[in-house]
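Notes follow once the structure below has been shown.
The sequence lines fix the lettering, A, B, ..., with proteins before strands; numbering per chain opens at 1.
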Amino acid sequence: MKMIHSLFLINCSGDIFLEKHWKSVVSQSVCDYFFEAQEKAADVENVPPVISTPHHYLISIYRDKLFFVSVIQTEVPPLFVIEFLHRVADTFQDYFGECSEAAIKDNVVIVYELLEEMLDNGFPLATESNILKELIKPPTILRSVVNSITGSSNVGDTLPTGQLSNIPWRRAGVKYTNNEAYFDVVEEIDAIIDKSGSTVFAEIQGVIDACIKLSGMPDLSLSFMNPRLLDDVSFHPCIRFKRWESERVLSFIPPDGNFRLISYRVSSQNLVAIPVYVKHSISFKENSSCGRFDVTIGPKQNMGKTIEGVTVTVHMPKVVLNMNLTPTQGSYTFDPVTKVLTWDVGKITPQKLPSLKGLVNLQSGAPKPEENPSLNIQFKIQQLAISGLKVNRLDMYGEKYKPFKGVKYVTKAGKFQVRT
Amino acid sequence: MSSNSFAYNEQSGGGEATELGQEATSTISPSGAFGLFSSDLKKNEDLKQMLESNKDSAKLDAMKRIVGMIAKGKNASELFPAVVKNVASKNIEIKKLVYVYLVRYAEEQQDLALLSISTFQRALKDPNQLIRASALRVLSSIRVPIIVPIMMLAIKEAAADLSPYVRKNAAHAIQKLYSLDPEQKEMLIEVIEKLLKDKSILVAGSVVMAFEEVCPDRIDLIHKNYRKLCNLLVDVEEWGQVVIIHMLTRYARTQFVSPWREDDGLEDNEKSFYDSDDEQKEKTDKRKKPYTMDPDHRLLIRNTKPLLQSRNAAVVMAVAQLYWHISPKSEAGIISKSLVRLLRSNREVQYIVLQNIATMSIQRKGMFEPYLKSFYVRSTDPTMIKTLKLEILTNLANEANISTLLREFQTYVKSQDKQFAAATIQTIGRCAANISEVTDTCLSGLVCLLSNRDEIVVAESVVVIKKLLQMQPAQHGEIIKHMAKLLDSITVPVARASILWLIGENCERVPKIAPDVLRKMAKSFTSEDDLVKLQILNLGAKLYLTNSKQTKLLTQYILNLGKYDQNYDIRDRTRFIRQLIVPNEKSGALSKYAKKIFLAQKPAPLLESPFKDRDHFQLGTLSHTLNAKAAGYLELSNWPEVAPDPSVRNVEVIDLAKEWTPAGKAKNENPTKKFYSESEEEEDSSDSSSDSGSESGSESGEEDEEGDSSEDSSEDSSSEPESESGRQSDTENRRVAKRNSKTKGKGDSKDEKKENEKSKTSDSSNAESSSVEESSSDSESESESESESESRKVTKEKEKKTKQDRNRLATDVSLLDLDDCEYWDASVLVPCLVVNPVSTPVALPTPALSPSLIADLEGLNLSTSSSVISVSTPVFVPMKTHVLLHRMSGKGLAAHYSFPRQPCIFGDKMVSVQITLNNTTDKKIENIHIREKKLPIGMQMHVFNPIESLEPEGSITVSMGIDFCDSTQTASFQLCTKDDCFSVNIQPPVGELLLPVAMSEKDFKKEQGMLTGMNETSATIIAAPQNFPPSVILQKVINVANAGVVPSGQDNIHRFAAKTVHSGSLMLVTVELKEGSTAQLIINTEKTVIGSVLLRELKPVLSQG
């Protein structure tokens, strides 16, 4: 297994704007096979992640309008490469605030230094953000000003010790004046609702994201009121698996900063509450160039909380030319090129349910669309974990100070689709 | 020479640099003027000057620009001489960027690259480990063949470095050197061998990587490190985990026998069993031998399980493929949940995972059936994901779920994504073909689609209908007529061809329509697609043969057209058909058979999954994704018929623990074989049953020798010689027990069918008897224990004809026994709280760990927060069962209960109790449930779910939880069947009210210090000295109480720690051996009542002879 040979970054218009080789140089022309596949695929989403060429294999990911194309020469688990490439993109995001062509081009030296540290001879070396940040400091405006004046550099002059320790995810000697530990319990409802309003499929995907700024080597344990809800969990490597198995307590020495502690799934066996309902009637008349569109959205099983940030996105059929609608609340846009209707509803007040009504103009002469489009719904409910998960307490061992602790709950729509 | 001067330069750099600097500053200012016209050449000139300046900032700027050029793929090679000078720069960032440059261009500028080598050689000796590591990293990345010897030397040195980080880099360098010069293979293998022995988690992943790269066939290098790798796995970084798991999968497939039980139709072999032919006998024996999993095999499966919860998709997939390829089929189910979880990830991960699920779902539908809905398609999924999901849905379709699925498919057919709609139609076709119940429904549904407005949909439907009709040659005249009409409107060639073929095949069923279709086609022949033309010719031929009166002229016309067609295939076909069907003087013998040739029954096409043939690739690999062998793909071998010698994996340390594994040893016996022929011992040694060296139970001299030697060696390395006598007597007992069970096993095992079941039972009884014996370990009690085990066996035999549930229980038991074989490895984890919940180690000797080793092992672990009291897994699970309801008083229903010593799943404060119910009547017993709990105040009980029915001779094991409130009060309740109620009660032995606790000696003393005075009870015991080897004491204590062993620094003091289940109060037991056959037994606990009861129970056990 000779892992990753080379990496090419390609933007949407097909320019290779960065290349990095970990072994002998592979010519850019290898990307032609990728472009060929890209042409064949209807859209970027459909470019196959694994492409075979006469001498190489190309494994690519698509992130933030960029393709990360890696060149492989021999057998390797494809997920290994895919997961690594995403980790690279995550690191860029982490360092530059965004993973875009401009950001990468602006920071090309840091990018190179990062890639050099992340991969040795094509095998991942340091992928933990805490270690990388000790090796290579992320750019800040202040630092770049200071650097240009004093000539100091972005490269850390202290050598990272984390890589050598048993806790590779945490850097040593962390110090804060305010010690804080925040946890965000974010739950997303994935659902498919059929025409009649009944649930075809629903499950809850949750994550607990942590933002931990604690000095020294704190040892935390987080317990839940109802840990048995968690059906299937995946952990950050810092969590002691055995403790979880025996006591259902999350016990860990946290990385410094932001990280994802766990992700979990509450499966559809436990009935999932669906917080909104949608009334819809979309119809296209035969042999006429218009149709009707009427969608109303209202709260249901929302546990007495306000539903906010509601947006409805609809991919209209290709024959739709334009839409003439009136919202009772919020505003809507229709993009005649991509045929995407977006209705930004905002908050739902039960007294006056928001609706969007009006006419749809169709291309004249074209047959009426076969199927009604499905509605993709986004919403947000603050201070509620829809699964009912509750954090019981957070204890800290190993350090003397008293940290400030906080837990925030939020429920969002994940892949929430209503078929019409 | 030049490199030397350079080194010099670096050391006394000061003066010279300023000299250079003066030169540089004078030239640097005009360089700006060139900016406007800068050709590449000029630009580089300017960079060169900057590099030669004495200011670090200028150098850094230059290097940054150069790196920018490299990143864009522009050539910067001509700057090499200027850049390489800065390799020894004091500025760490410049240095790093120079490294980047060097690695990129050294290959092209080999001579100049040599200039930099001495710098690296010097850095390799740096006191800072990170500098050593990074020097090795760059040195080995410079692909210059001349430096191979230097690299080799550097690698060898680094492999012996004290820093694990440097050793990790050495492992990486091995691969680089190997790709530069494969000649070095042998030397590199030596280094790999050395590094494989490394105990650091940092090194493990990298060296296995190197192993896979350089010498994947040298599986023998893994043997000795196998158990270590399994145990380190959880703590290795995620990328290393993937590599190790893949390697171990391959390893397991070569070293262990298949855990997949095939339906062995062995009845006919019975005869040969009695044949004297030795060879045949051997073979039969081997096949008949009940499968017992090698403990190492189990170790791997168990230790990878927690990784299913990794956040890294590659790790999860690696574990999934491991389970798929090497675990027993019944256990592979646990991976589905984790794989389904990965589907929430980004599209690339989804794509790969879905592909793998598709392959799995063909072979084992059941695994993913519960997750059917997770594969439902969303309109926002990319098409490639949609089609994969569809594929899986098709594979999972069965009679039960097809109606739901068809409803779902209906939505998909209407999708705006027409490619996906077409794929759905194919899917419906496949479902219709595979599930006969819905064939008609599907067919009519597809016919409806024929009137769809979208041509792709219609065309696809036609093709699928054609296939379906072909499979069901029943009367479908109506459909065919309908399709004939479609010919006027549909333009997709495949669909037109399909219709024509269908009409041709069924031309006798639609006698009126067929000729008319041919007429129309004759008209449009010239403008048709080649595919359609061929079918027109076929149709013509078929009609000519069946209905020549009407179609003779038409066919001839078509044949004439075909004769002059541009496509030679069509001309060929025309010529062929004409010769066959048109009678003329030259027509050969074949024309007589023309009708048979054209209108033969054609076999229906098999609608199969495109993933059908992928299963020969290892899951999760690139080759599997591409469905083609990728370069460097390592084939997964088939299971060996006979397991290679498992003792190769033994490491000295493990031998030490060996003597503690009586049950495991006995377990591995093949009773039948041993009983019959000592002469077979030779083959035996290659057999898995001879696993352990110390299997001294057999009478064969040869085997004995082997056993003794290993025992000797283990004693040599053992730090506790005083335990020897006890051990020996143990072995003695074991031998007897084994022999007994062998006899027993054989005597009854005439019935081949029940072989498996039976030997398992005897296995478990075996294990049991040996543990019983151990508890009363004394050579004098031999006969007694023998009879005891004998009587046990009798009861076992009775239960033998039990059903699957019981059987499974037996398997569980035997698996548990197996565990202790690799106890040493497991024990690594015990003191550090890392106890795998799946495992339930039995009778294990923690004191055998030398304290220094424990300290070492602790270093491996992350969880060093020792002050926390945490529950560990039980050290030993007694097999003892208590009668709950005798079959006489229960009208044929017998019930026994036992304490599995597992944490109770129903509540933290409950003791888990296992109840085994047996039906000894010849009628079904229905609705077994619990009623009328009469519990003392505070006590709680979680009952088992009512059992609907229990077959005659059947048995079932259920578990329940009882919160005894830390008292030995009886829990009374009624066990009811449909007709009767029986009052029963459970009284817990005090030792079962505890949960074992892992703690260090220091903590123990600290806690003990706090529990003195009235919290302490003690007693003096007088007993025979043979009771005092550590093993015996340990065994006795944990047999009575579910306590954890505290590693002790002194030979004469044994400590045990536990906490009460209900209140969690600590219970500390100390046994201190004194002079003259006496011992002091001390118990410290807040719960003084339980403490004194426990003392009372322990006292006789320890003093008894």
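Atom NE2 of His624(B) sits about 11.0 Å away from atom CD of Glu75(A), to the nearest 0.5 Å. Distance check, rounded to the nearest 0.5 Å: OG of Ser338(B) to CZ of Arg265(A) gives 8.5 Å. To the nearest 0.5 angstrom, Leu115(A) atom CG is 6.0 Å from Leu7(A) atom CG. If you take OG on Ser141(B) and CG on Leu177(B), they are separated by 11.5 Å, rounding to the nearest 0.5 Å. For the atom pair Ser345(B) OG and Ile82(A) CD1, the distance stands at 9.5 Å (nearest 0.5 Å).
Heavy-atom distances place both the backbone and the side chain of Val200(A) under 4.5 Å from chain B. Neither the backbone nor the side chain of Gln355(B) comes within contact range of chain A; no heavy atoms are under 4.5 Å apart. The contact between Val377(B) and chain A is made entirely by backbone atoms, counting heavy-atom distances below 4.5 Å. For chain B, the nearby parts of Phe84(A) are the backbone and the side chain; heavy atoms of each come within less than 4.5 Å. Contacts of Lys105(A) with chain B are absent, with no heavy-atom separation under 4.5 Å from either backbone or side chain. If you measure heavy-atom distances from Met217(A) to chain B, you find no contacts under 4.5 Å at all. Contact of Ser134(B) with chain A is not made at all, since no heavy-atom distance falls under 4.5 Å. In this structure, the portions of Thr411(B) lying under 4.5 Å from any heavy atom of chain A include both its backbone and its side chain. When heavy atoms are compared at a cutoff of 4.5 Å, Arg143(B) approaches chain A solely by way of its side chain, counted from C-beta outward. Using a 4.5 Å cut-off between heavy atoms, Tyr99(B) makes no contact with chain A at all. Of the atoms belonging to Glu408(B), it is side-chain heavy atoms, and not backbone ones, that fall under 4.5 Å from chain A. Thr127(A) touches chain B through its side chain: at least one heavy atom from C-beta onward sits under 4.5 Å away, while N, CA, C and O do not. Looking at Thr380(B), the atoms closer than 4.5 Å to chain A (heavy atoms on both sides) sit in the backbone and in the side chain alike. Only the side chain of Gln417(A) comes within contact range of chain B, with at least one heavy atom under 4.5 Å from a heavy atom of that chain. Tyr62(A) touches chain B through backbone and side chain together, each having a heavy atom under 4.5 Å away. Contact of Val353(B) with chain A is made through the side chain alone, with heavy-atom distances under 4.5 Å. Both the backbone and the side chain of Leu18(A) come within contact range of chain B, each with at least one heavy atom under 4.5 Å from a heavy atom of that chain. For Asp61(B), no part lies under 4.5 angstrom from a heavy atom of chain A. Of the two parts of Leu97(B), only the side chain, counted from C-beta on, holds a non-hydrogen atom closer than 4.5 Å to a non-hydrogen atom of chain A. If you measure heavy-atom distances from Ser52(A) to chain B, the contacts under 4.5 Å come from both the backbone and the side chain. Contacts of Arg248(A) with chain B are absent, with no heavy-atom separation under 4.5 Å from either backbone or side chain. Proximity to chain A (any heavy atom under 4.5 Å) is shown, for Glu348(B), by both the backbone and the side chain. Interface remark: Glu238(B) contributes side-chain atoms only to the contact with chain A (heavy atom separation under 4.5 Å). Of the atoms belonging to Ile59(A), it is side-chain heavy atoms, and not backbone ones, that fall under 4.5 Å from chain B. Heavy-atom distances place both the backbone and the side chain of Ser379(B) under 4.5 Å from chain A. When heavy atoms are compared at a cutoff of 4.5 Å, Asp194(A) does not approach chain B at all.
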Task: From CA spacing to verdict: side-chain contact (heavy atoms from CB on, under 4.5 Å), Val316(B), Leu307(B) - done: CA-CA 6 Å; Val316(B) 177; Leu307(B) 297 180; over 6 Å; no
- Could you walk me through whether Phe123(A) and Trp239(B) pass ring-ring contact (aromatic ring centres under 6.0 Å, His included), step by step? CA-CA 8 Å; Phe123(A) 189 76; Trp239(B) 312 108; 8.1 Å; no
* Using the ring-ring contact (aromatic ring centres under 6.0 Å, His included) rule, take Tyr105(B) and Tyr101(B) through it: C-alpha gap first, then chi angles, then the decisive distance, then the call. => CA-CA 6 Å; Tyr105(B) 284 112; Tyr101(B) 183 89; 4.9 Å; yes
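Of the listed residues (Ile61(A), Val44(A), Ile262(A), Val50(A)), the greatest number of heavy-atom pairs within a distance under 4.5 Å of chain B belongs to Ile61(A). The choice from Val25(A), Leu79(A), Val109(A), Val81(A) that makes the most heavy-atom pairs within less than 4.5 Å of chain B is Leu79(A). Of the residues considered (Arg87(A), Glu188(A), Lys195(A)), Arg87(A) shows the highest number of contacts with chain B, using heavy-atom pairs under 4.5 Å. Each of Pro48(A), Ser234(A), Ser374(A), Gly398(A) has some count of heavy-atom pairs under 4.5 Å with chain B, and the biggest count is that of Ser234(A). Comparing Phe8(A), Phe17(A), Phe235(A) by how many heavy-atom pairs each has under 4.5 Å with chain B, the most go to Phe235(A). Between chain B and the residues Gln28(A), His236(A), Lys20(A), His21(A), the most heavy-atom pairs under 4.5 angstrom are made by His236(A).
Taking 4.0 Å as the cut-off between side-chain N and carboxylate O, Arg341(B) and Asp232(A) count as a salt-bridged pair. One finds a salt bridge joining Lys176(B) and Asp120(A) here, because a Lys/Arg side-chain nitrogen approaches an Asp/Glu carboxylate oxygen to under 4.0 Å. Under a 4.0 Å N-O distance rule, the pair Arg104(B)/Glu19(A) does not qualify as a salt bridge. Of the charged side-chain nitrogens involved, at least one lies within less than 4.0 Å of a carboxylate oxygen, so that Glu237(B) and Lys168(B) count as a salt-bridged pair.
Using a 4.5 Å heavy-atom threshold, the side chains of Lys337(B) and Pro370(B) count as separate. Using a 4.5 Å heavy-atom cutoff, the side chains of Thr621(B) and Tyr633(B) are in contact.
Within the 3.5 Å criterion, the main-chain N or O of Ser221(A) finds no donor-acceptor partner in the side chain of Ser251(A). Side-chain N or O atoms of Glu247(A) include none that pairs as donor or acceptor with a backbone N or O of Trp244(A) at under 3.5 Å. Panel note: side chain Asn169(B), backbone Tyr165(B); a donor-acceptor pair is recorded below 3.5 Å.
Considering all non-hydrogen atoms of both residues, Thr383(B) and Asn46(A) come closest at N-OD1, 2.9 Å.
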